[in-house]
Amino acid sequence: MIGIIFDMDGVLYRGDRPIEGAGDVIEFLKSHKIPFVFLTNNSTKNAAMYRKKLQKMGIEVEEEKIITSAYAVAHYLEKHFDRGNLFVIGGKGLQKEIEAIGWPIINIEDAGSQWKDIDYVVVGLDTKLTYEKLKYATLAIRNGALFIGTNPDTTYPSEEGIVPGAGSILAALKASTGKDPLIIGKPNEPVYEIVKEKLEADEIWVVGDRLDTDIAFAKRIGAKAIMVATGVNTLEDVERSDVKPDLVLPTIRELVEYLKTRF
């Protein structure tokens, strides 16, 4: 049985615009009972928020099929580390997932007096990033707090074009602390630990738009790597890269025809 892991940004949509054929692919999978999950490195939303976004685009999926790097971080922390004080740089999705595990969060208003008490600094994409957030994250990490990143994507595709991602913020903190973050999301294996709980299949396919995260992740977990050219990377990037997909499609729409050759 084939199981498919879909990236979201640049595969199903760009910004708030669906990519043509995305809904048709999902309906084909449902009608043929092919298991799938959505796995996004974008931590700004949680599963409920992403479900609403997809609904507006005519794509109906259960929250259980949506895995974010924010969800993966929260559950990885809970499973592998001792409870401690957290300082979070990120959007609402990351905040909500961290709050859901019940660990204490030191917010930016209290960080000035409590940064020495921070045990974990968790960093995702933060569109409201400030110098103050970077400052207290730096102080805490240099004081011994564990530095954790949701994902390494330095950019992500928006309606306007390619814009800075979480990896850009991680790079700033790495520069100011000299520390490398523990990264939970793609292409690293910790997130696959979460995926395996939700996707049972004999053969895994990964459909994504980035060579350094989606395709590298597929190669790392022994999956079939399918790249679509509607996101960050292009055919020219593939030619220059050491990381090669098994298949390149212009858009997700062409995946239906490819699937028909198997079902």
Side-chain angles (χ1 to χ4, degrees), residues 1-42 47 50-51 53-69 151 153 156-159 162 185-187 191-192 195-196 198-239 241 243-263:
M1 167 84 61
I2 289 172
I4 304 181
I5 301 170
F6 288 95
D7 181 43
M8 297 172 73
D9 290 297
V11 176
L12 302 175
Y13 52 75
R14 288 183 70 112
D16 291 322
R17 295 178 185 171
I19 291 169
E20 188 177 352
D24 296 335
V25 169
I26 302 308
E27 289 307 312
F28 181 91
L29 297 179
K30 288 179 182 178
S31 65
H32 288 77
K33 295 182 170 53
I34 302 168
F36 66 91
V37 294
F38 296 154
L39 175 60
T40 178
N41 266 356
N42 192 325
Y50 273 117
R51 185 184 181 210
K53 176 172 182 162
L54 291 167
Q55 282 177 325
K56 290 178 182 177
M57 299 178 187
I59 300 172
E60 188 64 55
V61 293
E62 304 94 338
E63 285 182 30
E64 291 71 27
K65 289 187 178 293
I66 303 171
I67 305 167
T68 71
S69 61
N151 63 292
D153 306 51
Y156 74 96
S158 73
E159 293 175 44
I162 305 301
K186 297 174 290 183
V191 74
Y192 188 48
V195 173
K196 286 189 291 186
K198 294 177 177 281
L199 184 67
E200 293 185 11
D202 302 315
E203 180 183 347
I204 302 291
W205 295 4
V206 174
V207 182
D209 68 303
R210 292 187 70 111
L211 293 166
D212 59 347
T213 54
D214 304 317
I215 304 308
F217 175 67
K219 297 297 182 180
R220 187 165 291 180
I221 66 172
K224 184 181 183 72
I226 301 173
M227 190 184 108
V228 292
T230 48
V232 171
N233 287 129
T234 64
L235 286 173
E236 289 76 17
D237 295 328
V238 173
E239 291 173 5
S241 176
V243 180
K244 303 291 187 185
D246 299 304
L247 176 68
V248 179
L249 299 173
T251 73
I252 194 173
R253 179 177 57 188
E254 286 74 27
L255 186 60
V256 171
E257 294 305 315
Y258 185 72
L259 282 164
K260 286 178 181 177
T261 66
R262 296 288 301 264
F263 297 93

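Bear in mind the structure is a predicted one, so any value in this text is a computation, not a measurement.
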Novice: Hey, which of I221, D246, L39 is the one that makes side chain to side chain contact (heavy atoms under 4.5 Å, CB included) with V206?
Specialist: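 With V206 as partner, side chain to side chain contact (heavy atoms under 4.5 Å, CB included) holds for just one option, I221.
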
Novice: Roughly how far apart are I215 CD1 and N233 CG, rounded to 0.5 Å?
Specialist: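 One gets 8.5 Å once the value is rounded to the nearest 0.5 Å.
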
Novice: When rounded to the nearest 0.5 angstrom, what is the spacing between OH in Y192 and CG in L199?
Specialist: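 Separation between the atoms: 7.5 Å.
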
Novice: Go through the steps to decide whether R210 and D7 satisfy the test salt bridge (Lys or Arg N to Asp or Glu O under 4.0 Å), and finish with yes or no.
Specialist: CA-CA 9 Å; R210 292 187 70 111; D7 181 43; over 6 Å; no

Novice: Would E20 and T251 satisfy side chain to side chain contact (heavy atoms under 4.5 Å, CB included), going step by step from the backbone distance to the final call?
Specialist: CA-CA 8 Å; E20 188 177 352; T251 73; over 6 Å; no

Novice: Is E159 atom CD crowded by more than 12 heavy atoms from other residues, nucleotides or ligands, each under 6.0 Å away?
Specialist: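 Yes, the 6.0 Å shell around CD holds more than 12 heavy atoms from other groups.
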
Novice: Using only atom types and a distance under 3.5 Å, with no angle test, would you say the side chain of K260 pairs donor to acceptor with the backbone of L255?
Specialist: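 Not a single qualifying donor-acceptor pair exists.
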
Novice: To the nearest 0.5 Å, tell me how far I226 CD1 sits from E254 CD.
Specialist: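 Taking CD1 in I226 and CD in E254, the distance rounds to 12.0 Å.
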
Novice: Give me the atom names and distance for the closest heavy-atom approach of P245 to V243.
Specialist: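 In terms of heavy atoms, the two residues are closest at CD-O, 3.9 Å.
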
Novice: For the residue pair E60 and Q55, what are the closest heavy atoms and their distance?
Specialist: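 In this case the closest contact between E60 and Q55 is OE2-NE2, 3.1 Å.
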
Novice: Decide yes or no for F38 and I26: does some side-chain heavy atom of the first lie under 4.5 Å from some side-chain heavy atom of the second?
Specialist: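 Counting from C-beta outward, F38 and I26 do come under 4.5 Å.
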
Novice: So how far is it from T213 OG1 to R220 CZ, rounded to the nearest 0.5 Å?
Specialist: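 Interatomic distance, T213 OG1 to R220 CZ, rounded to 0.5 Å: 11.0 Å.
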
Novice: Can you check whether V238's main-chain N or O pairs, donor with acceptor, with K244's side chain at less than 3.5 Å?
Specialist: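 Checking the backbone N and O of V238 against the side chain of K244, a donor-acceptor pair under 3.5 Å is found.
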
Novice: As a test of understanding, state which of N151, N41, D212, D214 forms a side-chain hydrogen bond (donor to acceptor under 3.5 Å, both in side chains) with K186.
Specialist: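 Running side-chain hydrogen bond (donor to acceptor under 3.5 Å, both in side chains) over N151, N41, D212, D214 with K186 returns exactly one hit, D214.
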
Novice: Which atoms form the tightest heavy-atom contact between P18 and Y13, and what is the distance?
Specialist: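 Taking P18 first and Y13 second, the nearest heavy atoms are CA-CB, 3.9 Å.
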
Novice: Using side chain to side chain contact (heavy atoms under 4.5 Å, CB included) as the criterion, point out the one residue from V61, D24, I4, V256 that pairs with L29.
Specialist: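 Per the side chain to side chain contact (heavy atoms under 4.5 Å, CB included) rule, the option paired with L29 is I4, out of V61, D24, I4, V256.
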
Novice: Whether the side chain of D209 engages the backbone of V232 through a donor-acceptor N/O pair (distance < 3.5 Å, no angle test) should be reported.
Specialist: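 Side chain of D209 to backbone of V232: a pair is present.
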
Novice: Taking the side chain as every heavy atom from C-beta outward, state whether R253 and V25 have any pair of such atoms under 4.5 Å apart.
Specialist: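 Contact flag for R253/V25 side chains = no.
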
Novice: Check whether any side-chain heavy atom of V195 sits under 4.5 Å from a side-chain heavy atom of I67, and report yes or no.
Specialist: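 Heavy-atom side-chain distance check passes, below 4.5 Å.
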
Novice: Start with the C-alpha gap between I19 and V11, add the side-chain angles, then the distance that decides, and say whether side chain to side chain contact (heavy atoms under 4.5 Å, CB included) holds.
Specialist: CA-CA 7 Å; I19 291 169; V11 176; 5.7 Å; no

Novice: Which class fits the ring pair W205 and Y258: parallel under 30°, tilted 30 to 60°, perpendicular over 60°?
Specialist: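 If you compare the ring of W205 with that of Y258, the planes turn out tilted.
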
Novice: Which pair of heavy atoms, one from S241 and one from L211, lies closest together, and at what distance?
Specialist: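 Where S241 meets L211 most closely, the heavy atoms are CB-CD1, 3.7 Å.
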
Novice: Would you call the rings of H32 and F28 parallel, tilted or perpendicular if under 30° counts as parallel and over 60° as perpendicular?
Specialist: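 H32 and F28: parallel rings.
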
Novice: At what distance, to the nearest 0.5 angstrom, does CG of L54 lie from CE of M8?
Specialist: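 Here the rounded value is 4.5 Å.
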
Novice: How close do A218 and A225 get, heavy atom to heavy atom, and via which atoms?
Specialist: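 Minimum heavy-atom separation between A218 and A225: CB-CB, 3.6 Å.
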
Novice: Counting only heavy atoms from other residues, nucleotides and ligands, does the tally under 6.0 Å from CD of E63 exceed 12?
Specialist: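 Buried by this count: over 12 neighbours within 6.0 Å.
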
Novice: Side-chain contact test, heavy atoms from C-beta onward, threshold under 4.5 Å: evaluate it for P35 versus M1 and give yes or no.
Specialist: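 Heavy-atom side-chain distance check passes, below 4.5 Å.
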
Novice: If you take all heavy atoms of A216 and P187, which pair is closest and at what distance?
Specialist: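 Residues A216 and P187, closest heavy atoms: CB-CB, 3.8 Å.
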
